[in-house]
Amino acid sequence: MEYGELNSEPQLEALLKLAGKHQLALAICAPVASTGNEEKDDEPELPLLNVRQPGRDPVELSIAVEENKALSFRLGDSALSRRVEKMLVDESIPKSVHDYKSALRLLARRTGTRTLGNESSPSPLAGVRDDVMLFSYLLNPTYSSHSLAEVALRRFNLQLSGMIAEAADVTLRLGRVLRTEVEGEIGLINVYETIDLPLVPVLARMEAAGVKIDTAALARMSVQLEKQCDARSKEIHGLAGEEFNVNSPRQLGEVLFNKLGLPKPVKYGKGKTISTAVDVLEDLAVEHEIARKVLDFRQLSKLKSTYVDSLPNLVDAETGRVHTTFNPVGTATGRLSSTNPNLQNIPIRTELGREIRSAFIAEAGNVLLSADYSQIELRLLAHFSDDPLLVEAYRRGDDIHQLTASEVFGVPPMLITAEHRGRAKAVNFGIVYGISPFGLAAQLGIDQKEAKKYIETYFDRYRGVRAFIERVLDETRREQRVRTLFGRIRPIPDINSKNANMRGFAERTAVNTPLQGTAADVIKLAMLKIDAELSRRKLRSHMTLQVHDELVFEVPEKEVDTMRELVSEHMQNVYPFKVPLVVDVGVGQNWRDLD
DNA sequence: CTGGAAAGCGCC
DNA sequence: AAAGGGCGCTTTCCAG
């Protein structure tokens, strides 16, 4: 190993000369705490935030051009630092990294860059050709981790020491190997070059932009919820005849099923503990009012702990906003995930939950604009299956759940009730998720025989859908993997398993992944087009959130009309499917009240 | 005291 | 026996 320090300009010039022939790999990370006793602290100490100087945050960096060699450097204020920065922003110097988005954000924070790649402030890291993390993900998205350490272990059986020079070296070598593999998979390099890699700077900008939260409103809600929780919990103790922790499923089960002698759920309790999950308690609510109280308590306490009390803690002291992290390699299907906080699961279903959504607000002079795809997965099912009934219905703009109700329950469209429609909706969703009679029966509260009849009738009417599912399963059995429309792959090794249970899971996954994964590709493509359009037209609107089939923007009032048009057009026309993609757009002061 | 499993539940 | 796809967060509980 020749791991050394970069400490002169000639050294750097020699490196860059070599980089012309080979590729240059970078490892970039925040400096490790040198004092050694503050590293386990999760949250930064408050007084320090005020002394932080955005222009001066150092960053550790290491550069590798040849295997087993790397030069490390602390990016600070020196003349050499400025020379290194010039290299970093030089688009014509191709680079290999692991986790491009983290590098971008780290470098942006260091220089105090806010917008990350507008004409006003250029990207702090350009020319990235290879992102080892994205390569690893595209080659096998089912691994739970694509950290450099994990990838090095999996691919090279190499245990990393933590030295940054070693990280740069390994990034260089992994970059070469994994790029070759990605190029060897039909369509995969295309997904990489046209979707996942270009999306990284877009995601970095969304994270950096953040969202504004009405913390005062949340504080008021917290007080109210505290009272309500307390009251519910006292009522429950009264009904139970003893005090216990309602939050403990074990203690609750003890009280419900042993002390009060309520009927135990038929098939629940897969382990030793009897389930007290929502559907169990809903059945119980008929017998005893305590079950309803517990359900109410659960809802209140969930909303309070997960959202109302947590979100304010994640407001960034510098920006006054909440900055989630989008994980571009976090799912097996190609979707994004969101952490710290997860802004992809903000409540909407219940009135009380929606209250939390109303605390997501726009900056003064701005509004929030939300645009979501209507039933995108079912539309993709129509496209893939080419089912005449489904395709024609979507082309006509018919109500698809009503159609399914009419077809499956044999009721004339005129006579369909909300009840019918609701059940049909469950059937349609069931198809996308890979339905079983048991699952549908549980969902609809009917017996398995009837559920089975519904499913059979569905496939009788939607012949193309049945054929599509058979086609996907056949191909998966041969290839042991599935593919989205754009070429993203997911291994399905259990598809030929002798274990019927595992095989069943594999089959449902195989059917769902092309739909969910293609929808993920579609919205990513829309994000790219919209982002490009925003900078081309020099608009001041910016994208802030993505929630799988929805995009949220913060929009200056003057740009609302423009943005309504721009966003919905680009989302709808992202790809020429056989059926139209419909996009619903709403605008408002907060994330709940949208028109 | 910390880490992890299990249960439960918020979203698409 | 298990029995609808994909996530992340909070709480409880227990082992080390």
Side-chain angles (χ1 to χ4, degrees), chain A residues 40 141-142 144 244-253 267-281 294-295 297-311 313-314 324-327 329-350 352-354 356-357 372-377 381 426-444 448 451-452 455 482 490 492 499-517 519-520 523 545-550:
Chain A
K40 57 188 159 194
T142 60
S144 61
F244 68 99
N245 187 348
V246 186
N247 253 327
S248 163
R250 229 180 62 177
Q251 294 179 36
L252 178 65
K267 277 282 181 180
Y268 291 92
K270 18 198 161 186
K272 39 205 160 183
T273 54
I274 306 166
S275 170
T276 65
V278 52
D279 36 353
V280 173
L281 292 184
V294 172
L295 286 168
F297 173 86
R298 286 245 181 95
Q299 190 198 11
L300 297 165
S301 119
K302 171 91 177 181
L303 295 179
K304 182 170 190 290
S305 66
T306 309
Y307 305 101
V308 174
D309 289 347
S310 300
L311 284 172
N313 292 326
L314 291 160
T324 187
T325 300
F326 287 108
N327 186 353
V329 299
T331 70
T333 56
R335 276 187 176 180
L336 303 175
S337 71
S338 159
T339 57
N340 236 314
N342 180 357
L343 295 184
Q344 291 180 322
N345 73 344
I346 301 304
I348 191 170
R349 237 181 55 248
T350 66
L352 188 64
R354 273 198 295 277
I356 290 162
R357 222 164 243 244
D372 64 283
Y373 283 113
S374 164
Q375 297 170 353
I376 185 166
E377 290 177 8
L381 177 63
V427 173
N428 282 332
F429 267 97
I431 298 299
V432 172
Y433 292 156
I435 203 162
S436 75
F438 179 91
L440 186 64
Q443 173 83 30
L444 295 182
Q448 263 188 72
K452 198 171 167 205
I455 295 170
V482 283
R490 174 178 183 178
I492 312 278
N499 181 326
N501 199 17
M502 291 174 72
R503 200 172 58 243
F505 268 112
E507 288 172 354
R508 293 191 292 276
T509 305
V511 171
N512 175 262
T513 298
L515 301 171
Q516 189 183 127
I523 196 166
L545 295 176
Q546 188 251 46
V547 191
H548 311 308
D549 64 358
E550 175 189 14

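These numbers were taken from a predicted model, which means no experiment stands behind them. A, B, ... follow the sequence lines: proteins, then strands. Residue 1 opens every chain.
- At least one side-chain nitrogen or oxygen of S275(A) sits closer than 4.0 Å to the OP1 or OP2 atom of dG8(B).
- Nucleic acid contact for A332(A): sugar-phosphate only, since backbone atoms but no base atoms lie under 4.0 Å from a heavy atom of the residue.
- Protein atom CZ of F326(A) is 21 Å distant from nucleotide atom P of dG6(C), rounded to whole Å.
- In this structure, CD1 of I356(A) is placed 10 Å from P of dG10(B), rounded to the nearest angstrom.
- Counting only heavy atoms from C-beta outward, the side chains of T509(A) and R490(A) approach each other to under 4.5 Å.
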Distances under 3.5 Å only, N/O to N/O: pair up the protein atoms with those of nucleotides 3-5 of chain B.
none

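- Of all nucleotides listed (dA2(C), dC12(B), dT10(C)), dC12(B) comes nearest to the side chain of D549(A).
- Looking at heavy atoms from C-beta onward, Q344(A) lies in side-chain contact with F326(A) at the 4.5 angstrom threshold.
- Mapping Q516(A) and A500(A) onto DNA chain C via the closest heavy atom, the residue that lands nearer the 5' end is A500(A).
- Distance CG (N340(A)) to P (dT10(C)): 9 Å, rounded to an integer number of Å.
- L281(A) has its CG atom 12 Å from the C1' atom of dA7(B), to the nearest Å.
- Rounded to an integer number of Å, the gap from CD1 of I523(A) to C1' of dG6(C) is 14 Å.
- We find the CG-CD1 distance between N428(A) and I435(A) to be 9.0 Å, quoted to the nearest 0.5 Å.
- Here A451(A) lies out of heavy-atom contact (under 4.0 Å) with every strand.
- Backbone-only contact: S310(A) has heavy atoms under 4.0 Å from sugar-phosphate atoms and none from a base.
- The side chain of T273(A) places an N or O atom within less than 4.0 Å of a non-bridging phosphate oxygen (OP1 or OP2) of dA7(B).
- Residue N245(A) places its side chain closer to dT12(C) than to any other of dC11(B), dT10(C), dT12(C).
- Among dG6(C), dC14(C), dC12(B), the nucleotide with an atom closest to any side-chain atom of R250(A) is dC14(C).
- Contact check, Q251(A) against dC13(C): a side-chain N or O comes under 4.0 Å of OP1 or OP2.
- Contact between the side-chain N/O atoms of R490(A) and the OP1/OP2 oxygens of dG6(C) is found at a separation under 4.0 Å.
- Contact check for N512(A) versus V432(A): side-chain heavy atoms found under the 4.5 Å cut-off.
- For dC7(C), neither phosphate oxygen OP1 nor OP2 lies less than 4.0 angstrom from any side-chain nitrogen or oxygen of T333(A).
- Contact annotation for T513(A): no contact, since no heavy-atom pair falls under 4.0 Å across all strands.
- For R335(A) and dC12(B), the shortest distance from a side-chain N or O to OP1 or OP2 is not below 4.0 Å.
- OP1 or OP2 of dG8(C) sits under 4.0 Å from a side-chain N or O of S337(A).
- As judged by a 4.0 angstrom heavy-atom cut-off over every strand, I348(A) is placed among residues touching the sugar-phosphate backbone only.
- Distances from the side chain of N342(A) to the nucleotides dT12(C), dC9(B), dC9(C) place dC9(C) closest.
- In this model, the phosphate group of dC13(C) is approached by a side-chain N or O of S248(A) to a distance below 4.0 Å at OP1 or OP2.
- When heavy atoms are screened at a 4.0 angstrom cut-off, G434(A) is found touching the sugar-phosphate backbone but no base atom.
- Within 4.0 Å of V432(A), counting heavy atoms only, lies no atom of the nucleic acid at all.
- When the C1' atom of dC11(B) is taken as reference, atom CG of L352(A) falls 16 Å away, rounded to whole Å.
- As judged by a 4.0 angstrom heavy-atom cut-off over every strand, F429(A) is placed among the base-contacting residues.
- At least one side-chain heavy atom of S301(A) sits less than 4.5 Å from a side-chain heavy atom of N247(A).
- Distance from the side chain of T509(A) is smallest for dG5(C) among the nucleotides dG5(C), dC11(B), dA3(C).
- Distance R298(A) CZ to dC9(B) P: 4 Å, rounded to the nearest Å.
- For dG10(B), the base has a donor-acceptor partner in the side chain of N345(A) [N/O atoms by modelled type, under 3.5 angstrom].
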